[in-house]
Structures are given as C-alpha cells and as structure tokens.
Amino acid sequence: MDNGQIAAVFDQIADLLEFQAANPFRIRAYRNAARTIRDLPEPVAAIAADSGRKLTDIAGIGKDLADKVATLLRTGSLPMLDELLAEIPPSVLALLRIPGLGPKRAALLFRARNIATLDQLRAACESQQIRTLKGFGAKTEQAILAGIDLAVRAAQRIYWADAEPIACALVEHMRSARHVEQMEMAGSYRRRKDTVGDLDLLVVSERAADVMDCFGRFASVVEVLARGATKMSVRTAGGLQIDLRVVPAESFGAALQYFTGSQQHNVMLRAIARQRGLKINEWGVFRTRDDGSQEQIAGRTEQEVYAALELPCFPPELREARAEFEWAKAGPLPQLIQLDDIRGDLHAHTDASDGQATLAQMIDAARQRKLEYLAITDHSKRVTMAHGLGPARLRRQWATIDSLRKNRSDIRVLKGVECDILEQGGLDLPDEVLADADWVVASIHYGQNQSRARITQRILGAIENPHVSAIAHPTGRLINRRRPYEVDLEAVFAAARRHHKLLELNAHPSRLDLDDVACAAARQHGIPIVIGTDAHSTDGLDAMRYGVLQARRAGLTKEDVANTRTWDQVQRLLGRRRQPRQ
DNA sequence: GCCGTTTTCGGCCCGACTGTTTTCAGTCG
C-alpha cells in the first residue's frame with residue numbers, strides 16, 4: 001500500500017469513529033495520522049523497512065498507529081476497519097456531506113430511523129418523520145432536503161484558477177461598500193491550494209451591517225445561509241459558499257491569520273501559544289494577567305501575531321502544518337520562487353498538433369510575456385486524436401523554427417517535442433530524431449490503467465533514454481476528473497537523479513502535476529523541477545503563474561526550478577554541454 | 001490515540017451561528 005491508500009484507511013476510520021461518537025481526540029489522532037502520512041515526502045513503507053528508523057519517529061504516530069500501519073503494509077487490510085464497516089454501512093457516510101448535518105445527528109438518524117442512504121433520508125424528510133426526532137425540527141427537515149441536492153455538488157472543490165475571477169469580482173464589488181477600511185481574501189484561496197471549497201472574505205469596518213448588506217447584493221449570490229453580528233455566509237448560483245467576517249482593526253491580523261488557516265496549521269500554532277502561556281484566537285493574542293484579566297498583546301497585523309510567538313510570518317502557501325514549523329526553528333524560511341523568476345517555458349503546443357495558435361503566434365505571445373526561451377513541444381504521432389507529429393512533419397517544423405531563428409534574436413525558440421511513452425514501453429520517435437531536438441519531454445497518454453510496475457517501468461525507460469530531458473505531468477492526474485495513475489514515484493525520483501533528468505510541474509490548473517507534496521519530495525531528492533504551461537493557445541502561456549503558486553506550496557525556491565535559469569544553464573543542468581544549433 | 005523542561009495521567013485550539021431550546025448541543029471553519 002502506498003501513503004495515499006494508508007491515509008485513506010485512517011480517514012475512513014476517523015469518519016466511522018465520528019459516527020460512533022468516539023472520543024473526539026482519538027478521531028483527531030486518526031485524521032492527523034492520515035494527513036501526516038499523505039504529506040510524507042517518502043513512502044511510509046520505506047521507513048518501515050529501514051531497520052535504522054521507526055514509524056513512531058513520525059510526529060503523531062504512536063505505538064498503536066505504527067502497528068496499524070505495519071499491518072496495512074503487510075496484509076493490505078485492517079481488522080479494526082473491517083469491524084467498523086460491519087457495524088456501519090459505508091453509505092451512511094454520504095449523510096455527512098449534507099451541510100449542517102454532522103456526525104452526531106447523522107448517527108441519530110441511522111440509529112433511530114435506520115436511515116443509511118441519501119434516498120432514505122429524502123423520503124423520511126418528505127413524509128415529515130424527521131421533525132419528531134429530538135434535536136430536529138421542521139426547519140432542519142427543510143434544510144436537509146435542500147442539502148441533499150447540494151451534497152453531491154458540494155463535495156467537489158473548484159479549481160483555484162476558477163475561484164480567482166470570482167474572488168476578484170467580489171473584492172471589486174465590496175470596494176463599492178462604504179466604511180470598508182481593510183479587506184483581504186483568506187482561506188485555502190489565499191493559501192493558493194490547487195482547489196478551493198469556499199471563499200472567505202475578511203473586512204475591517206465599524207459598520208458591519210452596511211458591509212453585510214453590500215455583501216448580500218454581490219451579483220451571483222442566490223441565498224443567504226447565515227447572518228450574525230460579525231459573520232455572514234452566502235451561496236452563489238454556481239453553488240460556491242462565500243463567508244464574510246467583519247472585524248475591528250485591532251483584530252485584523254489575528255483574523256486574517258485565523259481564517260487563512262490551514263486548520264491544522266492553526267492547531268499547531270495554538271499549541272505553541274499555549275506552551276508560552278498565551279492564548280490565540282481570531283481576535284488576537286492574549287496574555288492572562290495575575291488578576292485573571294486578559295491583555296491583548298498582538299492582533300493588528302499577521303506579522304505581529306506570529307512575532308508574538310517568536311515565529312516568522314509564514315507565506316500563506318506554506319501554512320499546511322507540514323514542515324514549516326521545523327523550517328522556522330532551523331533558520332530563515334526558504335525564499336519562495338516568484339513568477340518574475342521564470343525565464344522560459346519548456347512545454348507548449350501549436351496548431352501542428354492540438355494547439356490553437358500557429359508557431360509564429362506562440363512565439364509572438366512568448367515574446368510579449370518577456371520569455372527568454374520557448375520550447376515548441378507538439379505531440380508525437382501516437383497521440384492521433386491530437387494530430388501528433390511523425391518524424392517527417394516534426395523535421396519540417398524544426399526547419400521552420402531554424403528559419404525563424406534567423407530573424408529573431410530576442411527570444412530563443414527551441415526545437416522540442418512531447419514524445420509519447422508507448423503502452424508497450426519505449427518512445428514514439430526513433431532516437432536519431434530525438435537526438436536532433438533541443439528539448440524532449442516524454443509523457444504518458446495511453447495505457448494509464450496498467451499496473452504500477454508496468455507504468456513505472458515505462459517511465460524509467462524514458463528517463464534512461466539519453467535524449468529525453470524531462471518527464472511531463474508525471475502522474476497523469478486530472479483534478480476532480482481522473483485519479484493519478486499508479487506509479488512508484490520513489491523509483492522515478494531515483495532514476496531522474498541518476499540520469500540528470502528533470503520532472504515537470506505542469507502548470508495547467510486542471511493538472512498541477514506533480515502536486516505540491518510530490519514537488520517537495522522531488523526537491524528532497526535534489527531533482528530540479530521544470531514548470532511548464534502545456535499551453536495549447538497563446539493565453540495558455542499565462543498558466544505559468546498557477547504552476548509557480550503550486551511550486552511555492554511545495555516550498556520551492558528559484559534554485560529548485562530549472563526554468564528560472566538561462567537556457568545554457570538548463571543544458572548544463574542536464575549534463576549537456578553542446579550549444580543549440582543556430 | 002498521542003504526548004511529555006507541568007512526563008505515564010490528563011490534557012488535547014477556539015469562537016460564531018443556528019435551531020431548538022429556555023441554557024445549550026451541534027456544526028462549521
């Protein structure tokens with residue numbers, strides 16, 4: 001079992017325990033363990049197999065959970081989970097996805113009315129059986145009915161790139177409200193997470209009611225879910241929830257820190273505060289005086305809040321309770337990469353394969369974006385749907401690039417290709433063709449359902465080919481649409497390091513592949529990441545910023561990313577000395 | 001279930017809002 005599978009088991013146990021109203025701290029222990037293992041930069045199996053290390057060395061893994069991990073690794077199953085599933089049908093967990101219905105009341109529905117599916121719950125609400133239960137009323141019944149339809153949709157988080165225009169429009173709209181003194185988006189949106197479940201807006205104002213009125217008039221709002229003195233929640237026509245908090249200026253930093261999260265980061269921060277005899281909440285950092293009264297010692301800015309705990313003001317992208325607190329202890333935080341650091345794009349398509357723009361248009365667009373170099377990497381012939389290029393067409397394209405180069409000294413256009421890694425192994429173009437390319441990215445588009453061993457072998461084969469420069473979208477995931485294929489990333493890292501090959505962070509918002517955790521792991525292996533847009537149009541080149549944001553979440557610096565270098569430096573990174581042909 | 005310069009028990013982040021209550025439990029972030 002890999003880390004993701006083990007994490008999924010622990011998460012499921014946590015769900016089921018929650019249903020049983022087990023000790024909430026025990027539940028948290030399982031959730032913590034799931035998150036820790038999922039975010040681990042190496043396979044937990046490797047730690048278990050290493051006689052010099054122990055699973056209990058991992059924070060949050062004690063003797064019991066270490067035993068459970070070992071059992072999962074050895075047998076692929078866990079008796080405890082089987083017992084829980086014998087008591088609770090897994091379908092009841094769907095009830096927890098209904099907004100406002102948590103584990104306590106969902107468990108009551110199951111016990112008192114034997115409701116185990118969304119359909120049964122709908123029927124029970126419609127026949128008004130639910131309102132007779134203790135803790136439920138007519139209003140709850142209506143809320144549940146409305147929530148059932150949302151349950152499926154709400155489970156899906158939207159791409160960060162799709163949240164951005166909504167967030168920008170919201171901020172623009174709120175600027176029209178009078179009495180808004182400060183304003184900032186918070187939550188996973190501010191942490192630049194690849195997907196966003198809801199939006200959080202924080203406002204400083206003395207006139208909360210006026211601000212909330214304005215918020216309610218935001219164009220796409222269709223429903224007000226809640227409205228109190230400081231907090232208001234709405235839902236948009238698209239089903240996205242947006243939360244507003246109005247706070248006084250002296251609490252803005254504390255509230256921004258708090259609502260930016262992540263929740264796990266906040267839990268760790270609270271624990272650190274507690275160790276120092278301080279209390280931290282969304283209103284500020286407080287010290288208890290000898291007479292028992294509370295004194296606020298920070299809260300106006302985030303810097304102030306972190307400084308009160310003798311911590312650096314973590315960039316929001318790092319606040320995931322992964323390694324950031326360790327980094328802070330060890331010294332200054334890494335200087336995260338910025339969009340300005342990027343010098344070139346090494347993954348782009350033209351209308352020769354499935355891109356929309358011509359070669360000349362793509363080059364123009366890259367030049368407008370001040371790129372120093374652009375690799376044209378159309379698909380190879382195996383990708384028939386994309387009108388992939390065989391050797392003859394490819395060489396013709398390269399000849400065109402050669403002629404264009406003569407007229408353009410302001411941008412270096414590289415003769416590249418995105419060469420398919422074939423189902424049976426091997427590459428889609430002969431070596432003598434690849435040898436004439438400046439830059440070759442290899443990737444998998446077919447045979448994604450093959451076994452882990454098979455897919456890993458195919459990728460290792462590509463890495464070993466001397467003409468391949470990088471592996472593109474190495475796990476094949478499409479966020480919300482397709483799971484990553486089974487691949488032994490550890491083996492890929494080892495091979496990439498041995499053969500001086502790069503791994504791509506594909507910047508397309510639906511890919512972002514490698515993801516942040518895998519990029520951090522690649523960094524630990526000393527493998528440079530190349531951020532490529534995979535642009536299929538001129539606008540597609542703008543996706544670079546999404547890739548950079550994801551790289552920041554991985555803690556990558558300018559030095560960790562290959563295409564912050566000049567093209568000559570990138571070549572040296574690959575162990576090649578030859579200059580591109582002019 | 002984890003953890004320990006308050007160390008093997010007794011803690012574990014903390015507050016806002018809603019609905020169903022009549023002082024609070026459940027849910028959410």
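Numbered from 1 within each chain, the chains take letters A, B, ... in sequence-line order. Every value quoted in this text rests on a predicted model; they were computed, and no experiment measured them.
Looking at A:D194 and A:R157, no side-chain N of the basic residue comes within less than 4.0 Å of a carboxylate O on the acidic one, giving no salt bridge.
DNA chain B is contacted by both A:E282 and A:E141; A:E282 maps to the nucleotide lying nearer its 5′ end (nearest heavy atom per residue). Nearest-nucleotide mapping onto DNA chain B: of A:L101 and A:L133, the residue sitting toward the 5' end is A:L133.
Atom-to-atom, CG of A:L199 to P of B:dC28 comes out at 18 Å; the value is rounded to the nearest Å.
In the set B:dC12, B:dT27, B:dT20, B:dT20 carries the atom at the smallest distance from any side-chain atom of A:K139.
Rounded to a whole angstrom, the distance from the P atom of B:dT8 to that of B:dC3 is 16 Å. B:dC12 and B:dT6 have their P atoms separated by 16 Å, with the value rounded to a whole Å. Look at the P atom in both B:dC13 and B:dG4: the space between them is 14 Å, to the nearest Å. The gap from the P atom of B:dT18 to that of B:dG11 amounts to 33 Å, rounded to the nearest Å. A distance of about 26 Å separates the P atoms of B:dT20 and B:dG15, rounded to the whole Å. Using atom P as the reference point in both B:dT21 and B:dA16, the two lie 24 Å apart (nearest Å).
Relative to the six-membered ring of A:F252, A:R300 misses at least one condition, a distance below 6.0 Å or an angle of at most 45° to the axis.
Phosphate proximity of B:dT20 to A:T140: present, with a side-chain N or O under 4.0 Å from OP1 or OP2. Phosphate proximity of B:dC17 to A:T230: present, with a side-chain N or O under 4.0 Å from OP1 or OP2. Between B:dC13 and A:R274, no contact under 4.0 Å exists linking OP1 or OP2 to a side-chain N or O. Side-chain nitrogen and oxygen atoms of A:K279 include at least one within less than 4.0 Å of the OP1 or OP2 phosphate oxygen of B:dG15. When the side-chain nitrogen and oxygen atoms of A:R28 are compared with OP1 and OP2 of B:dC13, one or more of them lie within a distance under 4.0 Å. Under 4.0 angstrom from either OP1 or OP2 of B:dG15 there lies at least one side-chain N or O belonging to A:N281. Regarding contacts with the backbone of B:dC28, every side-chain N or O of A:K231 stays at 4.0 angstrom or more from both OP1 and OP2. Of the side-chain N and O atoms in A:W283, one or more sit less than 4.0 angstrom from OP1 or OP2 of B:dA16.
When heavy atoms are screened at a 4.0 angstrom cut-off, A:I280 is found touching the sugar-phosphate backbone but no base atom.
In a base pair of the Watson-Crick type (N1 to N3 plus N6-O4 or O6-N4) or a G-U wobble (N1-O2 and O6-N3), with each distance short of 3.5 Å, B:dT8 is matched with no nucleotide.
Ring geometry, A:W160 versus A:Y189: the interplanar angle falls under 30°, so the pair is classed parallel (tilted spans 30 to 60°).
For B:dG1, the base has no donor-acceptor partner in the side chain of A:N32 [N/O atoms by modelled type, under 3.5 angstrom].
Two rings, from A:Y159 and A:Y546, have their centers 6.0 Å or more apart.
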